[in-house]
Amino acid sequence: MSVDIAAEVGFADGGFRLRVVSTLAAPATGVFGPSGAGKTTLLQLIAGLVRPAVGRVVVDGEVLDDTAAGIHVPVHRRRIGVVFQHGRLLPHLSVDGNLRYGERLLAAAQRRIGYADVVALLALGPLLARRPATLSGGERQRVALGRALLASPRLLLLDEPLAGLDGGLKRQILPFLRRVHSALGIPTIHVSHDLGEVLQLTTDLLLLEGGAVVARGTVAQLAAQPEHLGRLHDLGLVNALPGTVAGHAPEDGLTSVTLGAERTVLTALRDEPVGTACVLLIRPADLVLARTRVVAISMQNQWLGRVVSITGTVTRTVVAVDVGVTLLVEISRRAVAELELAPGAPVWCLCKAQSVLVT
């Protein structure tokens, strides 16, 4: 599925304007940027909650907005699910009632996602009889996600669904979002001001600033552009690496996680079962580079790779290193010179097990 947008949204007060010409492709696109960049307005445009002043919006080949032709498909006919920051559950209904509300939006013959499947997928069984006021923030977001899924959407829009949740709740919700991706395969556009959050769900990124698209690509591609390096850092630049729990060594206080077929990462001891899919988060500043393997050091992770690119600004330098996956490493310009780093140079990446966050 693709979402093709060539439109401008303006408001009557003459203030903020959004101008977007882009194609957002399946299976997932992450839209990020600072507050006020136009991220929520973009989702509202796709969902039909705001109308373009000029232009077209096309989803999966269907024209939803075309100002020249006078076309505007209303929200309820777009078959697009939206999960907002605060869930927006109906307070007078139980969790079961909220879920069924989403299901009732479609005729039985049009329902592609079953009630029992969603309840199981999002672990909502123990919550069904409760009212929204008794739920935690994370529980409310799971219910809101379930309600959106039960409308069998062809496209799912996530508008800052984790904003306002503490770190622990975010780590609870993110695996559910990844599970929805893998189990149901619904194309998704995920909006956030937190780059690290977006990177746990997608590798296709779109950066919005001031109501315009200023960059598009993977995080490595964006980080290779000096003009975007500062913004990426401010929004939480991080290495997000999908992996699988491979084993535990309680006597050493370590868990091993495999990346792809060969690469193994050691983390602080976890309790997830072997075989569990996860995402590893490593801050670029927590990685260390060396030209030779280092012995007699506490860093448990050492991976041999090659320098892909070096991107520098006045205040920071990021080195992209291919170790089987691409790692972004933040070091000083002096370190680049002293290590004689250049594209193609062999280099060792080092990292403490305790610096690897598992979600």
Side-chain angles (χ1 to χ4, degrees), residues 26-28 30 113-127 136 138-139 141-143 145-146 149 156 158 161-162 165 167-188 190 196-204 218-219 238-283 286-287 299-305 322-328 349-359:
I113 300 173
Y115 178 90
D117 294 332
V118 168
V119 170
L121 184 67
L122 299 177
L124 296 175
L127 309 178
S136 70
E139 290 168 340
Q141 289 304 86
R142 279 158 53 199
V143 176
L145 179 59
L149 294 175
L156 186 63
L158 304 178
L162 306 184
L165 301 182
L169 286 177
K170 285 185 179 183
R171 286 191 290 275
Q172 290 178 28
I173 296 296
L174 278 163
F176 286 107
L177 292 176
R178 293 198 295 267
R179 200 175 302 165
V180 166
H181 244 313
S182 60
L184 301 180
I186 300 173
T188 303
H190 185 107
E197 177 186 310
V198 170
L199 287 172
Q200 294 180 64
L201 298 168
T202 179
T203 58
D204 184 24
T218 66
V219 67
V238 69
N239 293 287
L241 312 171
T244 304
V245 175
H248 305 288
E251 68 280 8
D252 297 326
L254 297 172
T255 288
S256 59
V257 177
T258 57
L259 305 179
E262 299 178 355
R263 191 67 55 198
T264 298
V265 179
L266 295 176
T267 77
L269 187 65
R270 306 286 301 180
D271 57 9
E272 290 88 353
V274 171
T276 300
C278 62
V279 174
L280 304 183
L281 301 179
I282 310 175
R283 294 173 58 245
D286 288 336
L287 288 161
M299 291 188 176
Q300 295 294 300
N301 293 299
Q302 295 194 45
W303 312 295
L304 178 62
D322 181 359
V323 297
V325 295
T326 299
L327 292 175
L328 302 177
C349 282
L350 291 76
C351 181
K352 296 192 298 181
Q354 285 76 12
S355 295
V356 182
L357 177 65
V358 183
T359 65

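Values below: every heavy atom of this structure, side chains too, minus hydrogens, waters and symmetry copies. Numbering starts at 1 and runs along the sequence shown.
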Under 3.5 Å donor-acceptor pairs involving side-chain atoms of residues 240-247, not counting sequence neighbours:
none

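Atom OG of S136 and atom CZ of R142 lie 7.0 Å apart (nearest 0.5 Å). In this structure, L266 CG and D252 CG are separated by 9.0 Å, a value rounded to the nearest 0.5 Å. Between T267 atom OG1 and L254 atom CG the span is 7.5 Å, to the nearest 0.5 Å. Here the OG1 atom belonging to T202 is positioned 12.5 Å from the CG atom belonging to L177, to the nearest 0.5 angstrom. C349 contributes atom SG, which lies 10.0 Å from atom CG of L328 (distance to the nearest 0.5 angstrom). The structure places OG1 of T258 at 9.0 Å from CG of L280, a figure rounded to the nearest 0.5 Å.
What you find for G305 and V323 is that their closest heavy atoms are CA-CG1, 3.9 Å. A pairwise comparison of heavy atoms in G196 and V238 identifies CA-CG1, 3.5 Å as the closest pair. When every heavy atom of R179 is checked against every heavy atom of L121, the shortest pair comes out as NH1-O, 3.1 Å. The two residues V119 and G125 come nearest to each other via the heavy atoms CG1-N, 3.5 Å. Across V198 and H190, no two heavy atoms sit closer than the pair CG2-CD2, 3.9 Å.
By the salt bridge (charged side-chain N to carboxylate O under 4.0 Å, His left out) test, K170 is found to be paired with D194, residues two or more places apart in sequence or in another chain being considered. Taking the side chain to side chain contact (heavy atoms under 4.5 Å, CB included) definition, one finds that L350 meets it with V288, A290, V294, I297, M299, Q302, W348, sequence neighbours left out. Among residues two or more places apart in sequence or in another chain, the salt bridge (charged side-chain N to carboxylate O under 4.0 Å, His left out) test is passed with R270 by E272. In this structure, A268 has no side chain to side chain contact (heavy atoms under 4.5 Å, CB included) partners at least two apart in sequence or on a different chain. Partners of V118 under the side chain to side chain contact (heavy atoms under 4.5 Å, CB included) rule, at least two apart in sequence or in another chain, are I113, L122, L149, L150. Residues forming a salt bridge (charged side-chain N to carboxylate O under 4.0 Å, His left out) with R283 (at least two apart in sequence, or on another chain): D286. The side chain to side chain contact (heavy atoms under 4.5 Å, CB included) test applied to A277 returns no partner, not counting sequence neighbours. For T255, the side-chain hydrogen bond (donor to acceptor under 3.5 Å, both in side chains) criterion is met by H248, not counting sequence neighbours.
Using a 4.5 Å heavy-atom cutoff, the side chains of E197 and P161 are in contact. In this structure, C351 and I282 have side chains that are in contact, with non-hydrogen atoms separated by less than 4.5 Å.
In this structure, the side chain of T188 engages the main chain of I186 through a donor-acceptor pair within 3.5 Å. The closest donor-acceptor contact from the side chain of N301 to the backbone of V265 lies at 3.5 Å or more, if one exists at all. Proximity of a side-chain donor or acceptor of W303 to a complementary backbone N or O of T264 within less than 3.5 Å is detected. Between the side chain of N239 and the backbone N or O of L327 there is no donor-acceptor pair closer than 3.5 Å.
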>> Run the side chain to side chain contact (heavy atoms under 4.5 Å, CB included) test on R263 and V325 for me, step by step, so that the C-alpha distance in whole Å, both residues' side-chain angles and the decisive distance to 0.1 Å come before the verdict.
In response: CA-CA 9 Å; R263 191 67 55 198; V325 295; 5.5 Å; no
> Could you walk me through whether L162 and Q141 pass the side chain to side chain contact (heavy atoms under 4.5 Å, CB included) check?
Replying inline: CA-CA 8 Å; L162 306 184; Q141 289 304 86; 5.5 Å; no
